[in-house]
Amino acid sequence: MSRKILIVDDEPNIVMSLEYAFKKKNFEVFIARDGTEALEIAGKELPSIILLDIMMPKMDGYETLKQIRNNTDLNGTKVVFLSAKSKMADVEKGLSLGADSYVTKPFSVKKVIADIEEMIA
């Protein structure tokens with residue numbers, strides 16, 4: 001399994017801390033600031049994991065996930081929502097759209113990395 005990860009978030013501090021942590025774990029890290037950019041990069045790089053924020057400019061995480069799930073090239077890609085939307089209804093919506101996991105902000109970078117490594121093991 002490849003160790004390519006796409007981090008999709010418009011919050012620079014979150015992106016920087018995750019990018020740094022995943023690179024230390026020998027992941028190849030790609031960054032997108034919104035859903036449109038995420039779909040472009042995912043289509044080219046075919047990451048094994050996409051960390052996806054929900055509230056973003058242009059295209060939100062829900063719509064981005066729908067499009068990822070409609071792309072047969074990305075069938076094997078795991079998608080994990082990272083979101084400040086922590087209501088049960090938000091979590092259920094994310095999972096019902098096909099997310100493999102849902103992590104609410106604020107989160108532990110260590111725990112996110114451990115969960116991801118387990119998912120692609």
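FYI, side chains are in, hydrogens and waters are out, and symmetry mates aren't considered; it's all heavy atoms of this structure.
Residues Val79 and Met119 are members of separate hydrophobic clusters, defined by side-chain heavy-atom contacts under 4.5 angstrom among Ile, Leu, Val, Met, Phe, Trp and Tyr. Taken together through direct or relayed side-chain contacts under 4.5 Å among Ile, Leu, Val, Met, Phe, Trp and Tyr, Val80 and Leu74 form parts of separate hydrophobic clusters. Linking Ile, Leu, Val, Met, Phe, Trp and Tyr whenever their side-chain heavy atoms come within less than 4.5 Å leaves Leu18 and Phe30 in two separate clusters. Linking ILVMFWY side-chain heavy atoms closer than 4.5 Å, directly or via other members, places Val8 and Ile113 in two distinct hydrophobic clusters. A continuous path of ILVMFWY side-chain contacts below 4.5 Å connects Ile31 to Ile116, so both sit in one hydrophobic cluster.
No more than 12 heavy atoms of other residues, nucleotides or ligands shown are found within 6.0 angstrom of NZ on Lys58.
Between Asp34 and Pro57, the closest heavy-atom pair is CB-O, 3.3 Å. Considering all non-hydrogen atoms of both residues, Arg69 and Leu97 come closest at CG-O, 3.9 Å. The two atoms that bring Thr64 and Gly35 nearest to each other are OG1-CA, 3.2 Å, heavy atoms only. Smallest separation of non-hydrogen atoms from Leu6 and Ala38: CD2-O, 3.5 Å.
In this structure, the separation between OG1 on Thr36 and CD on Gln67 is 8.0 Å, given to the nearest 0.5 Å. Note that OG of Ser101 is 7.5 Å distant from CG of Leu95, once rounded to the nearest 0.5 Å. One distance of note links OG of Ser17 with CZ of Phe107; it measures 5.5 Å at 0.5 Å rounding. To the nearest 0.5 Å, the span separating CD on Glu63 from CE on Met56 amounts to 10.5 Å. For the atom pair CD1 (Ile50) and CG (Leu65), the distance works out to 8.5 Å, reported to the nearest 0.5 Å. Annotation: the span from Asp100 atom CG to Ile120 atom CD1 amounts to 12.5 Å, rounded to 0.5 Å.
Looking at Phe27 and Glu117, their side chains come closer than 4.5 Å, going by heavy atoms from C-beta outward. Side-chain atoms of Asp90 and Ile54, non-hydrogen and from C-beta on, never get closer than 4.5 Å to each other. When side chains are defined from C-beta on, Leu51 counts as touching Ile5, because their heavy atoms get closer than 4.5 Å. Considering only heavy atoms from C-beta on, Ile41 stays 4.5 Å or farther from Lys44 through its side chain. The side-chain heavy atoms of Lys78 and Ser48, taken from C-beta on, include no pair separated by under 4.5 Å. Contact of the Asp9 side chain with the Lys105 side chain is registered, since non-hydrogen atoms from C-beta on lie closer than 4.5 Å. Side chains of Leu46 and Thr77 form no contact here, defined as non-hydrogen atoms less than 4.5 Å apart. Contact of the Lys93 side chain with the Lys85 side chain is not registered, since no non-hydrogen atoms from C-beta on lie closer than 4.5 Å.
Contacts of Glu28 classified as salt bridge (charged side-chain N to carboxylate O under 4.0 Å, His left out), with partners at least two apart in sequence or in another chain: none.
Side-chain N or O atoms of Lys4 include one that pairs as donor or acceptor with a backbone N or O of Glu45 at under 3.5 Å.
For the side chain to side chain contact (heavy atoms under 4.5 Å, CB included) criterion with Asp53, the lone passing option out of Leu82, Asp60, Asp10 is Asp10.
Salt-bridge check for Glu11 with Arg33: failed, with every basic side-chain N at 4.0 Å or more from each acidic carboxylate O.
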**Study point:** Verdict with reasoning, Val103 to Val112, per side chain to side chain contact (heavy atoms under 4.5 Å, CB included)
**Key:** CA-CA 8 Å; Val103 178; Val112 167; 4.1 Å; yes

Review point. When you look at Tyr20 and Val29, which way does the side chain to side chain contact (heavy atoms under 4.5 Å, CB included) test go after all the steps?
Key: CA-CA 9 Å; Tyr20 175 76; Val29 180; over 6 Å; no

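Pairs passing the ring-ring contact (aromatic ring centres under 6.0 Å, His included) check and including a residue from residues 46-77, sequence neighbours excluded, read Tyr62-Phe81.
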